[in-house]
A.B. asks: 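Below you will find the structure I want to go over with you.
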Amino acid sequence: MNQAKPIKLYNTLSKSKEEFVTVEEGKVRMYVCGPTVYNYIHIGNARPMIVFDTVRRYLEYKGYDVNYVSNFTDVDDKIIKKANEEGVSASEISERFIIEAKKDMEDLNILPATTHPKATEEIEGMIEMIKDLIEKGYAYEKGGTAYFRTRFFNEYGKLSKKNLEELEAGIRIAVSEEKEDSMDFVLWKPKKEGEPYWESPWSKGRPGWHIECSVMAKKYLGSKIDIHAGGEDLVFPHHENEIAQSEAANGEEFAKYWLHNAFLNIDNKKMSKSEGNFFTVREISEKYPLQVLRFFMLSAHYRSPINFSKELMESSKNALDRILTAINHLEELTKITEEKPLVEDELKLQEEFKNYINKFEDSMDDDFNTADAISVIFEMVKVSNTKLNKESSKTLIEETYNNISTLCNLLGIITKKKEELLDKEIEDLIEQRQQARKNKDFNQADQIRNLLLEKGIIIEDTREGIRWKRA
RNA sequence: GGCGACAUAGCCAAGUGGUAAGGCAGCGGUCUGCAACACCUCCAUCACCAGUUCAAAUCUGGUUGUCGCCUCCA
């Protein structure tokens, strides 16, 4: 366990960087608000998934045992609307897009959560918590709807730094007459015609959005968790309301650290369907390997807004290729170099790489500064490209290969798939091209190269031999 | 209207008091049958104004600009 160096993370609750100390030593309980599944996930959904997956990987790297929970909201107005449009049940829609979301997540190299709860499978727990809140006086029922009595929770607004008076002044929606107070929010609402519903003491209906996360977090992680994360738009009202519900019901602090990622914009504008600047992860995957999207997302700090564009994807693709090329190169060197004692310069290099790893960790320890961490990888790539060759000691080559790959894996920006790509046909063609080159038949050689290019294989003649990669 | 964030090269992006990391693109080279890869070289004084300090991109005040939340949008 390498927790000697502490992690500092920015806590929305205190608006400052704090040293990370877990509730229980060596263990991290982490909850990340997941998507509402009414369509393929979009690239905006992908940002928190990628960012917090990276956080999770790093915490595990540091030796923590991480219990990572991320939900699917599978009952919601948008899902019902889509279901009605297609003339199918709401669950048919949600089930379908959960499957699709999981596919995209796998391609984004996002590790499966310890648990992926679904709201509709946790209704019983939600009813229990609402009952509890009503008993404790923090909630009430009116006409089949259960409301949370916001004013009874003294600390309401502590996350978003809003106070009830300001909020009330800013109210822009029609306030239900039933509410005791305009700031009260819904815990349970009765069904409308044609909507899915569950039985409850108050009405046939369904839970409000906020109660879902409070209940799922408690069930799978306990009443006090370490990290609660999500997009910054969730700070208010979603997370504020979660705090109110959970802390009112459980009588203790809900989450120690609140992490929020900034938004992803398109051409400096918020992505939205109505603006026509909306991209699903699936669409992007048709043009780029999703590692590129992941790399792009991690190339800025998670609390800074990032702007998505084709140009930046191209830039990211080229940058990532530089790293991948270096790793492939090292891998080949491991096959042709010889085992021998390290000479003095190599010992120095070994030391240098150790320093780079430290630097990488320092960056990640500082509120998960992935942009800085990536720059360290580039520095390692540079040194590797410049100083290592087929005369180097195998030991050093292997170490360097492992070091760089480990850090890249930590960020999830590389996948190990090359083996499956190797097939007989490609190897034969490469061999034929070599023969042609030997015979100085460059026309033939170029033809074969073009043929391979059509199949998506790029050939490179390097000092150490032929190399190929997927376009 | 209330609350908040941000402003670093053509593009992206680190850096929060000691004199500007890294990547992409571009220029000029080396290597190469060619191409690609790789390597070498070049490419900014940090929105503006004023202040604090021996010293500021980094702190303070102001100006301008961009963006977000206050609408069950990540």
Side-chain angles (χ1 to χ4, degrees), chain A residues 15 32-36 41-52 73 76-78 157 160-163 165-174 185-186 189 207-212 229-238 240-241 260-265 268-274 278 295-296 299-301 303-307 309 311-323 325-326 328-329 359 363 366 369-379 381-382 384-386 389 437 440-443 445-446 449-450 453 458-464 467-469:
Chain A
K15 293 181 70 176
V32 180
C33 288
T36 301
I41 57 168
H42 59 251
I43 55 178
N45 289 315
R47 167 111 108 143
M49 290 176 176
I50 290 168
V51 162
F52 298 119
T73 296
D76 162 274
D77 286 341
K78 290 190 292 293
S160 56
K161 317 298 171 206
K162 295 175 191 296
N163 63 55
E165 284 62 41
E166 284 166 358
L167 284 167
E168 211 148 16
I171 274 188
R172 290 202 227 147
I173 44 169
F185 59 88
V186 172
K189 60 180 162 191
W209 179 38
H210 314 301
I211 197 75
E212 296 174 9
E232 66 177 352
D233 60 318
L234 296 182
V235 172
F236 190 90
H238 187 53
E240 194 69 63
N241 290 353
H260 294 99
N261 65 278
F263 257 58
L264 176 144
N265 298 316
N268 285 313
K269 280 192 182 148
K270 191 166 160 172
M271 180 167 80
S272 75
K273 275 190 174 166
S274 52
F278 185 91
F295 180 89
F296 163 72
S299 65
H301 187 92
R303 283 188 289 110
S304 301
I306 46 173
N307 210 17
S309 71
E311 289 67 32
L312 291 174
M313 284 299 282
E314 284 298 324
S315 172
S316 298
K317 181 180 187 296
N318 292 340
L320 184 56
D321 267 350
R322 182 172 158 81
I323 295 174
T325 303
N328 286 165
H329 188 198
K359 220 173 141 189
S363 298
D366 183 16
N369 192 337
T370 52
D372 218 17
I374 286 174
S375 80
V376 177
I377 292 178
F378 278 110
E379 287 176 39
V381 163
K382 177 74 162 217
S384 163
N385 283 341
T386 323
N389 54 53
R437 291 179 74 207
K440 304 269 183 209
D441 185 353
F442 297 120
N443 268 337
D446 287 349
R449 181 164 63 191
N450 287 334
L453 188 61
I458 295 171
I459 298 293
E460 289 167 2
D461 304 320
T462 71
R463 287 179 293 282
E464 277 81 27
R467 206 188 307 163
W468 65 273
K469 64 180 180 183

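Each chain gets a letter, A, B and so on, in the order its sequence line appears, and its residues count up from 1.
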A.B. asks: Would you classify Phe378(A) as touching base, sugar-phosphate or nothing, given that sugar-phosphate means primed atoms plus P, OP1 and OP2, and contacts are heavy atoms under 4.0 Å?
C.D. replies: sugar-phosphate

A.B. asks: Taking the C1' atom of each, how far is U32(B) from C37(B), in whole Å?
C.D. replies: 11 Å

A.B. asks: Please determine whether a side-chain nitrogen of the Lys or Arg among Glu240(A) and Lys162(A) lies less than 4.0 Å from a carboxylate oxygen of the Asp or Glu.
C.D. replies: no

A.B. asks: Measure the distance from CZ on Phe278(A) to C1' on A74(B) and round it to the nearest whole Å.
C.D. replies: 11 Å

A.B. asks: Is Phe263(A) stacked on the base of A74(B), meaning ring centres closer than 5.5 Å and planes within 30 degrees of each other?
C.D. replies: yes

A.B. asks: Kindly compute the distance separating CD1 (Ile41(A)) from OG1 (Thr36(A)), expressed to the nearest 0.5 Å.
C.D. replies: 12.5 Å

A.B. asks: Would you indicate what Glu379(A) reaches in the nucleic acid, counting non-hydrogen atoms under 4.0 angstrom: base, sugar-phosphate, or nothing?
C.D. replies: sugar-phosphate

A.B. asks: Can you check the distance between G26(B) and G33(B), where both ends of the measurement are the P atom (answer in whole Å)?
C.D. replies: 24 Å

A.B. asks: Rounded to the nearest Å, what distance is computed from the CG atom of residue Asn261(A) to the P atom of nucleotide A5(B)?
C.D. replies: 17 Å

A.B. asks: Counting the atoms with a prime plus P, OP1 and OP2 as sugar-phosphate, which does Leu264(A) contact under 4.0 Å by heavy atoms, base, sugar-phosphate, or nothing?
C.D. replies: base

A.B. asks: Should U53(B) form a Watson-Crick or G-U wobble pair with both distances under 3.5 Å, which nucleotide is its partner?
C.D. replies: none

A.B. asks: Who passes side-chain hydrogen bond (donor to acceptor under 3.5 Å, both in side chains) against Arg322(A), sequence neighbours left out?
C.D. replies: none

A.B. asks: At less than 4.0 Å, is any side-chain N or O atom of Asn307(A) found next to OP1 or OP2 of C12(B)? Yes or no.
C.D. replies: no

A.B. asks: So if I apply the side chain to side chain contact (heavy atoms under 4.5 Å, CB included) rule between Ile306(A) and each of Asn265(A), Leu312(A), Leu264(A), which one comes out positive?
C.D. replies: Leu264(A)

A.B. asks: Just the table, please: protein N/O against nucleotides 14-17 of chain B N/O, every pair under 3.5 Å.
C.D. replies:
| from | atom 1 | to | atom 2 | distance (Å) |
| --- | --- | --- | --- | --- |
| A14(B) | OP1 | His301(A) | N | 2.8 |
| A14(B) | O3' | Asn369(A) | ND2 | 2.9 |
| A14(B) | O2' | Asp372(A) | OD1 | 2.4 |
| A14(B) | O2' | Asp372(A) | OD2 | 3.1 |
| G15(B) | OP1 | Asn369(A) | ND2 | 2.8 |

A.B. asks: From C-beta outward on Lys15(A), which listed nucleotide comes closest to its side chain: C73(B), G4(B), G23(B)?
C.D. replies: G4(B)

A.B. asks: With rounding to whole Å, what would you report as the distance between U58(B) and U8(B) at their P atoms?
C.D. replies: 13 Å

A.B. asks: Hey, can you tell me if Phe295(A) and Phe378(A) have their rings parallel, tilted or perpendicular (30° and 60° cut-offs)?
C.D. replies: perpendicular

A.B. asks: Can you check the distance between G22(B) and G28(B), where both ends of the measurement are the P atom (answer in whole Å)?
C.D. replies: 23 Å

A.B. asks: Test of understanding: with side-chain contact (heavy atoms from CB on, under 4.5 Å), list the residues that count as partners of Val32(A), not counting sequence neighbours.
C.D. replies: Met30(A), Phe52(A), Tyr68(A), Ser70(A), Ala229(A)

A.B. asks: How long is the gap from CD1 on Ile458(A) to CZ on Arg467(A), to the nearest 0.5 Å?
C.D. replies: 12.0 Å

A.B. asks: Assess whether one donor atom and one acceptor atom, taken from the side chain of Lys270(A) and the base of C73(B), lie less than 3.5 Å apart.
C.D. replies: yes

A.B. asks: Tell me whether the OP1 or OP2 atom of C73(B) has a side-chain N or O from Lys78(A) closer than 4.0 Å.
C.D. replies: yes

A.B. asks: Separation of Phe295(A) atom CZ from C12(B) atom C1', in whole Å?
C.D. replies: 10 Å

A.B. asks: Which nucleotide, if any, forms a Watson-Crick or G-U wobble pair with C48(B), using both distances under 3.5 Å?
C.D. replies: G62(B)

A.B. asks: Taking the C1' atom of each, how far is G10(B) from U60(B), in whole Å?
C.D. replies: 34 Å

A.B. asks: For Lys440(A), give me all partners under side-chain contact (heavy atoms from CB on, under 4.5 Å), at least two apart in sequence or on another chain.
C.D. replies: Phe442(A)

A.B. asks: Applying the Watson-Crick and G-U wobble criteria at under 3.5 Å, what pairs with C24(B)? Answer none if nothing qualifies.
C.D. replies: G10(B)

A.B. asks: Choose from C70(B), A74(B), G22(B) the nucleotide whose nearest atom is closest to any side-chain atom of Asp233(A).
C.D. replies: A74(B)

A.B. asks: When you match Phe442(A) and His210(A) each to their closest nucleotide on RNA chain B, which lands nearer the 5' end?
C.D. replies: Phe442(A)

A.B. asks: Distance check needed: G23(B) P versus Glu314(A) CD, whole Å only.
C.D. replies: 19 Å

A.B. asks: Supply the atom-to-atom distance Asp233(A) CG to Phe263(A) CZ, rounded to the nearest 0.5 angstrom.
C.D. replies: 3.5 Å

A.B. asks: Starting from C1' on A13(B), measure out to CD1 on Ile377(A) and report it in whole angstrom.
C.D. replies: 15 Å

A.B. asks: So, taking the atom named NE2 in His260(A) and the one named SG in Cys33(A), what distance separates them when rounded to the nearest 0.5 Å?
C.D. replies: 7.5 Å

A.B. asks: Could you tell me how far U52(B) sits from G65(B) if I compare only their P atoms? Round to whole Å.
C.D. replies: 28 Å

A.B. asks: On RNA chain B, nearest-nucleotide positions of Ser316(A) versus Leu312(A): which is more 5'?
C.D. replies: Leu312(A)

A.B. asks: Phe296(A) CZ to G23(B) P: how many Å, rounded?
C.D. replies: 19 Å

A.B. asks: Taking all non-hydrogen atoms of both residues, which atom of Ala371(A) and which atom of Ser299(A) are closest, and how far apart?
C.D. replies: CB-O, 3.4 Å

A.B. asks: Summarise protein proximity over nucleotides 35-41 of chain B in one line of letters, 5' to 3': B for base, S for sugar-phosphate only, - for none, counting protein heavy atoms closer than 4.0 Å.
C.D. replies: BBSSSS-

A.B. asks: Taking the same atom, P, in C73(B) and in A38(B), what whole-Å distance lies between them?
C.D. replies: 44 Å

A.B. asks: Kindly write out the residues that satisfy side-chain hydrogen bond (donor to acceptor under 3.5 Å, both in side chains) with His42(A), not counting sequence neighbours, or none if the list is empty.
C.D. replies: Asn45(A)

A.B. asks: Expressed in angstrom and rounded to an integer, what is the separation of Asn163(A) atom CG from C70(B) atom P?
C.D. replies: 16 Å

A.B. asks: What integer distance in Å separates Met313(A):CE from A25(B):C1'?
C.D. replies: 17 Å

A.B. asks: Go ahead and name the base partner of A38(B); Watson-Crick or wobble counts if both distances stay under 3.5 Å, otherwise write none.
C.D. replies: U30(B)

A.B. asks: Taking atom C1' in both G68(B) and C24(B), what distance in whole Å separates the two?
C.D. replies: 28 Å

